[in-house]
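As structure tokens, the structure follows; a few thoughts come after it.
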Amino acid sequence: MRLASLSNAPAQSVIPSLWHRAEGTMERVAKLKLFNGREMPMVGLGTWQAKDDEVRQAVQLALECGYRHFDTATLYQNEEAIGDVFGKWISEGKVAREDLFITTKLPTIGNRAENVTKFLTTSLKKLQLSYVDLYLIHFPVGCIGKDENDLQPRDSEGKVVLDMDTDHESLWKAMEEQVDAGRAKSIGISNFNSAQIERIMKFCRIQPANHQVEIHAFHQQKELRAVCHKHNITMCAYGPLGAPYKEGAKQKPVLKHPVVTSLAARLGKTPAQILLRHLIQLDIVVIPKSSNPERLKQNFEVFDFKLSDADMRELDNLDQGKDGKLFIFSDSMIGVENHPEFPFKIPF
């Protein structure tokens, strides 16, 4: 069932969703069908910057609310805490493993073919799982760490230690081997650009199932979405609510934009629910992160209303292109723009 089509983009740039129905009404949770027939819940819990008790409590509450899609990464250093909750729920029969959709990611220091199995095996042990539903290359740039725990290697000047020999072809073949071995049901990418996607599609045996990138109303990635659609690669939005307001910022955050707040008031929804629903109706999976119990519940309650075509156009028109980008990796990874596989043009 198509809920909406991409404004200002060709019709083929939207991948059909798989919307489940019960007794003639839309069910609480919708899923997006991947190229291989597997299904990815449209709303998941993001866990970036959440550790220890915070992430344990968030995952526990999310499971109780009905979330079945969870996103993590080696870089987040919270897989073990998340795995504690998964292990308890599965062992107690509260949830079946096959009802969960778990994504984790290969760190930049693992971006060599010989490292992939080691890092995924370690993640599986921490998550207390025998497989993940989706394994992503977290970033197209490779780095060199002192050991497997040196996840953000820096030199004496604070610059990221780059592996200038990053080879996507051999790396992808190692990713494909994880599917062959049953350690990952699907594989994908994160933070890649269009040219890198086109290159992977030329040599892959198993294509990327999903591409996780920054997408929100101010940065809608329409061109990249069209490329992914061409290759039947689904998309997942991190940072779908934009960024919180910072004192001295040039503009208000997207959550406080008048278009968003007026739609929320008219429809009796929160601004966050409006923003998430916008992306869902564009067939984009969303993984908002929250440890606040009320917001966590609200972020999941986005399947009981629909934005009209006019509403969608208003939100589509908020797109600022590259000017709306929030995650500037050259700020947190000093010198990363010098790597041949750095995916973004400078200046942004």
Side-chain angles (χ1 to χ4, degrees), residues 40 44 46-49 71-76 103-112 115-116 119-120 123 132 134-143 151-153 160 162-164 166-169 171-172 174-175 184 186-201 204 207-216 218-229 231 233-243 279 284-289 321-348:
M40 185 176 187
T47 64
W48 177 55
Q49 293 185 325
D71 181 271
T72 183
T74 294
L75 180 64
Y76 303 165
T103 299
T104 194
K105 310 177 192 77
L106 179 72
T108 57
I109 62 168
N111 280 359
R112 280 183 175 270
N115 293 335
V116 177
F119 277 102
L120 178 50
S123 289
V132 290
L134 181 62
Y135 195 48
L136 305 178
I137 300 174
H138 204 158
F139 200 69
V141 169
C143 298
L151 296 173
Q152 296 179 298
V160 65
L162 299 171
D163 177 2
M164 305 300 282
T166 302
D167 175 24
H168 287 171
E169 183 168 1
L171 177 59
W172 190 255
M175 293 288 286
S186 302
I187 49 178
I189 52 181
S190 181
N191 298 302
F192 279 56
N193 63 29
S194 296
Q196 291 166 331
I197 293 171
E198 296 287 5
R199 197 188 325 145
I200 288 176
M201 292 305 300
C204 67
Q207 73 163 73
N210 185 260
H211 188 193
Q212 185 179 129
V213 290
E214 175 189 350
I215 307 179
H216 47 80
F218 282 173
H219 188 58
Q220 296 182 30
Q221 302 265 35
K222 292 176 182 176
E223 296 83 2
L224 185 62
R225 284 158 49 200
V227 171
C228 286
H229 169 67
H231 295 298
I233 300 170
T234 59
M235 299 198 77
C236 177
Y238 68 72
L241 303 178
L279 296 184
I284 299 169
V285 175
V286 293
I287 48 170
K289 180 248 178 177
K322 292 181 179 179
D323 290 339
K325 186 171 178 58
L326 297 170
F327 293 88
I328 310 298
F329 292 91
S330 57
D331 289 351
S332 58
M333 300 171 69
I334 299 172
V336 69
E337 66 274 12
N338 297 319
H339 194 284
E341 293 292 358
F342 182 67
F344 313 117
K345 291 182 180 179
I346 302 244
F348 294 95

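Worth knowing before you read on, the calculation uses all heavy atoms, side chains too, and leaves out hydrogens, waters and symmetry mates.
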I need the minimum non-hydrogen distance between [X] and [Y], along with the two atoms involved.
X: T166; Y: G142; answer: OG1-N, 3.0 Å
X: E214; Y: F327; answer: OE1-N, 3.1 Å
X: C143; Y: V160; answer: SG-CG2, 3.6 Å
X: G188; Y: W172; answer: O-CZ3, 3.6 Å
X: V227; Y: S194; answer: CG2-OG, 3.6 Å

*All salt bridge (charged side-chain N to carboxylate O under 4.0 Å, His left out) counterparts of E198, not counting sequence neighbours*: K230
Does the [X] side chain pair with the main chain of [Y], one donor and one acceptor, at a distance under 3.5 Å?
X: R225; Y: Q220; answer: yes
X: T108; Y: Q152; answer: no
X: Q196; Y: E341; answer: yes
X: K105; Y: T72; answer: yes
X: S190; Y: Q212; answer: yes

So do the side chains of [X] and [Y] get within less than 4.5 Å of each other, counting heavy atoms only?
X: I189; Y: I197; result: yes
X: H168; Y: I137; result: no
X: S186; Y: N210; result: no
X: F139; Y: L75; result: no
X: N191; Y: V141; result: no
X: F119; Y: I109; result: yes
X: D163; Y: N111; result: no
X: Q221; Y: C228; result: no

*Check the angle between the aromatic planes of H216 and H219 and answer parallel, tilted or perpendicular using the 30° and 60° thresholds.*
tilted
_Please confirm whether the ring centroid of H138 lies under 6.0 Å from the ring centroid of Y76._
yes
_Test side-chain contact (heavy atoms from CB on, under 4.5 Å) applied to P208 and I187, L136, I200, the passing residue_ = I200
*asked:* For the CD1 atom of I215 and the NZ atom of K222, what is their distance to the nearest 0.5 Å?
replied: 12.0 Å
*Could you tell me which residues satisfy side chain to side chain donor-acceptor pair (under 3.5 Å) with N338, sequence neighbours excluded, listed by chain and number?*
none
*In sequence, state the C-alpha distance, the side-chain angles, and the governing distance for K289 and D71, and then conclude on salt bridge (charged side-chain N to carboxylate O under 4.0 Å, His left out).*
CA-CA 9 Å; K289 180 248 178 177; D71 181 271; over 6 Å; no
